[in-house]
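Presented below is the structure to which this report refers.
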Amino acid sequence: MIKVLFVCLGNICRSPMAEFIFKDMVKKKGLSKAISVSSAATSSSTIGMDIHEEAKIKLTENEIPYNKHKAKKLLKQDYQKYNYIIGMDNSNIENIMHIVKEDPNNKVYKLLDFTDEKGEVADPWYTGNFTKAYNDIEKGCKELLKSIIENYNL
Ligand code: 4NP
């Protein structure tokens, strides 16, 4: 099983959108038995919270199914559990490294590094722009899935 963990600051806006968008893409490719997907926060302040209402609206508009969600925090031991630990912005990467300490197996990535444009998924909690966040996440997830399919010959 290839295990993918999306990470953002609060685990209520960007990383849960990424989790459910990516799950939907994986399912549509018939790869749900090969790839598992989850999400986590680097901050403790939102632990237990559900997906932000505006993120739910974006998922619904795009016909992406989602489950009841409880924000959880990234743990040091998650480094061993996952093959891909994917942050949304530079600050997420710094915070991930603070928690996991080192990345000897090159598992830590920034989502948009899989796209030609690179860059960061801006935090809609601060920008208010959930549409831009959704579109950037969708683009990143599409390229991430291509990369996993190639790397693992799926
Ligand atoms: P996210 O957005 O990292 O995309 O989930 C945030 C959600 C909540 C907070 C910050 C960012 N917060 O400070 O509560």
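For ligands, and for the atoms within them, numbers begin at 1 and follow the listed sequence. For this chain, numbers begin at 1 and follow the sequence in order.
Counted within 6.0 Å of NZ on K118, heavy atoms from surrounding residues, nucleotides or ligands total more than 12; the atom is thus considered enclosed.
For K146, the salt bridge (charged side-chain N to carboxylate O under 4.0 Å, His left out) partners two or more places apart in sequence, or in a different chain, are E143. In this structure, the salt bridge (charged side-chain N to carboxylate O under 4.0 Å, His left out) partners of K132, at least two apart in sequence or on a different chain, are D136.
Put simply, CE on M17 and CD1 on I12 are 10.5 Å apart, with the number rounded to the nearest 0.5 Å.
Within 4.0 Å of ligand 1, contacts by protein heavy atoms are made from C8, L9, G10, N11, I12, C13, R14, T46, D123, W125, Y126.
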Distance-only check: which donor-acceptor pairs under 3.5 Å involve side-chain atoms of residues 42-53, not counting sequence neighbours?
residue	atom	partner	partner atom	Å
S43	OG	S45	N	3.0
S43	OG	S45	OG	3.0
S44	OG	K73	NZ	3.1
T46	OG1	G10	O	2.5
D50	OD1	H69	N	3.4
D50	OD2	K56	NZ	2.9
D50	OD2	K68	NZ	3.4
H52	ND1	E54	N	3.0
E53	OE2	K56	NZ	3.4

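Within the cation-pi definition used here (under 6.0 Å to the ring centroid, within 45° of the axis), K107 qualifies as a partner of Y79.
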